[in-house]
Number of protein chains: 2
Amino acid sequence: MKATVPITVASLKVACSQCNLVELCLPFGMSESEIDRLDELVGARRKIKRQQHLYRAGDPFEAIYAIRAGSFKTDVLLEDGREQVTGFQMTGEMLGLDGISTEAHSCNAIALEDSEVCVIAYSKLEELSRVVEGLQLQFHKVMSREIVRDHGVMTLLGSMRAEERLAAFLLNMSQRFTARGFSPAEFHLRMTREEIGSYLGLKLETVSRAFSKFQDEGLIAVQQKHIRILDIVGLKRLIQPPSPRP
Amino acid sequence: MKATVPITVASLKVACSQCNLVELCLPFGMSESEIDRLDELVGARRKIKRQQHLYRAGDPFEAIYAIRAGSFKTDVLLEDGREQVTGFQMTGEMLGLDGISTEAHSCNAIALEDSEVCVIAYSKLEELSRVVEGLQLQFHKVMSREIVRDHGVMTLLGSMRAEERLAAFLLNMSQRFTARGFSPAEFHLRMTREEIGSYLGLKLETVSRAFSKFQDEGLIAVQQKHIRILDIVGLKRLIQPPSPRP
DNA sequence: ATGGACCGTTGATCCACGTCAACCACGAAA
DNA sequence: TTTCGTGGTTGACGTGGATCAACGGTCCAT
């Protein structure tokens, strides 16, 4: 009976060094001894049910979050009710970085499915990253990567057509699922057509039509949220038309 | 004769504590004693002539830059020649943060006029921000602010119409000029219509037409790159239509 | 199993913005 | 001065994606 106790304790322990997401998450690139020192960083885990907010725009900023399980969207709401989805986040990715600048969150983070996050008190992160060099560098890289990613989205929104946008989105999802050990060619989207549309600057009808068109052309097989990519090369070709400018 | 020497030396000295941009730049919010310690941070200044690159996509990342005088645009070039301007930067703002993540720059930074930047070796910044707490916090805030700004642009590109975008752009410029001690209502744009269009996800003709429309409506007076804002409230009203949704 | 809410698909029509083209204003160089 | 090149404006026209509308599928809760 008692033999089960240590196992239970171990599985409940919150520790980066025990986590199978190290290679995707904040500890990526850090030495083992450095990662050991992170174990004090994650104060607690927090479960968020589907459709619930992890935080809302305006909430005071105290912590950033690493996704331990599940997935999220972040969005900003305009005064007139328009919504702009600014990103989709998967396991190992960080949430809440936007809050540092004003010490209040500037967007909403909403779980797309029942999820769990590691809560990283920002004050503790600052403190620890002063002594653990690898943590300092990795944290900066995580923020910088977010900036680069946002520039990619701006490019997509500013200069690509609807089908290019969706192709880029699918390839991005495929790549991220692959990095997490899932199939590059077959995956389940957790977000609705409307959320995809908002992210891509399109209406849901346009997203739906583009999905259908890709299916007609044999590029993918769609069944609701389940996607199978049949022709990766074809999708990539959509984004980079072969003949540049005359 | 020799009396002029110390003055010359002082004016050449590269020092945040002597700089009149402290309130806009990295040292913002830091104590005087902390700022004094920054003086070793800025290794050198660098002058960039109009249309020249400060760095290019792919360049190895070694430093970030604080704009001391002048202004820049950052852009990414797609393989087929399309350009997406990802931002315009003014004095006191930082350039190069995108390079941390991959240790190579991911966009181009091009001077819109003859400009000068302070070169901040990234290794030195890391080192110093481990001991100067205020620097660590401020640097994180600068990165976070960039993320928030990018989300704003994504919102603009993803869910606003042409005239809303241009109004938002003008109000943003006005606010930034104001913060630098210039008139909120009258300023000189350093970028072309095409660059504005690229930034806003519009063609230059659309930008031009929107300028003309605003002028016809008495919101602004345009003379080439010289802008006078005549009705700020009217511009703001354009972004937030008074009647939300029925 | 049944009703209902939500989500997705598809068609018909519309319009905001892109495209194409002509022309004009300004500054630099000759 | 004239010329040239770049940048800006404006008009006519075309189109990609939005809008409006109807319907079908799926997943719940009862």
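Because the structure is a prediction, the values reported are computed rather than measured. Here is the naming used below: chain letters follow the sequence lines, and residue numbers restart at 1 for every chain.
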Take atom [atom1] of [X] and atom [atom2] of [N], then tell me their distance rounded to the nearest Å.
X        : N      : atom1 : atom2 : answer
A:Leu200 : D:dA18 : CG    : P     : 11 Å
A:Leu112 : C:dC7  : CG    : P     : 12 Å
B:Arg193 : C:dC24 : CZ    : P     : 19 Å
B:Glu163 : C:dG18 : CD    : P     : 12 Å
B:Glu194 : C:dT19 : CD    : P     : 12 Å
B:Lys213 : D:dT10 : NZ    : C1'   : 15 Å
B:Leu189 : D:dG8  : CG    : C1'   : 13 Å
A:Ile196 : C:dC7  : CD1   : P     : 12 Å

Those residues that, when tested against A:Ala63, pass side-chain contact (heavy atoms from CB on, under 4.5 Å) (two or more places apart):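 side-chain contact (heavy atoms from CB on, under 4.5 Å) list for A:Ala63, sorted by chain: A:Tyr65, A:Val119.
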B:Leu21 side, atom CG; B:Thr91 side, atom OG1 - distance, nearest 0.5 Å: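 Rounded to the nearest 0.5 Å, the CG-OG1 separation comes out at 5.5 Å.
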Centroid-centroid under 6.0 Å between B:Phe88 and B:Phe72 rings: no
Side-chain donor-acceptor contact under 3.5 Å, A:Gln89 with A:Ser71: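 Looking only at side-chain atoms, A:Ser71 and A:Gln89 do not form any donor-acceptor pair under 3.5 Å.
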Between B:Gln84 and A:His151, a side-chain donor and acceptor under 3.5 Å: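 Their side chains do not contain a donor-acceptor pair, so the 3.5 Å distance test is not met.
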Partner set under salt bridge (Lys or Arg N to Asp or Glu O under 4.0 Å) for A:Glu163, not counting sequence neighbours: A:Lys213
With sequence neighbours excluded, residues passing salt bridge (Lys or Arg N to Asp or Glu O under 4.0 Å) with B:Arg193: none
Residues in side chain to side chain donor-acceptor pair (under 3.5 Å) contact with B:Arg176, at least two apart in sequence or another chain: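 Testing B:Arg176 for side chain to side chain donor-acceptor pair (under 3.5 Å), a comparison that skips the adjacent residues, returns B:Glu93, B:Asn172.
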Protein proximity profile, nucleotides 25-30 of chain D - base contact B, sugar-phosphate-only contact S, no contact -, cut-off 4.0 Å on heavy atoms: ------
Check the interface with nucleotides 10-12 of chain C: list each N/O to N/O pair with the protein under 3.5 Å, or write none.
from, atom 1, to, atom 2, distance (Å)
C:dT10, OP2, A:Ser212, OG, 2.4
C:dG11, N7, A:Arg209, NH1, 2.8
C:dG11, O6, A:Arg209, NH2, 3.1
C:dA12, N6, A:Arg209, NH2, 3.3

Non-hydrogen atoms of A:Ala57 and A:Ser106 that approach each other most closely: CB-C, 3.9 Å
Touch class at under 4.0 angstrom, heavy-atom based, for A:Gly201 against every strand present: sugar-phosphate
Contact under 4.0 Å: A:Lys203 side-chain N or O vs D:dT19 OP1/OP2: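 So the side chain of A:Lys203 is within the cut-off, an N or O lying under 4.0 Å from OP1 or OP2 of D:dT19.
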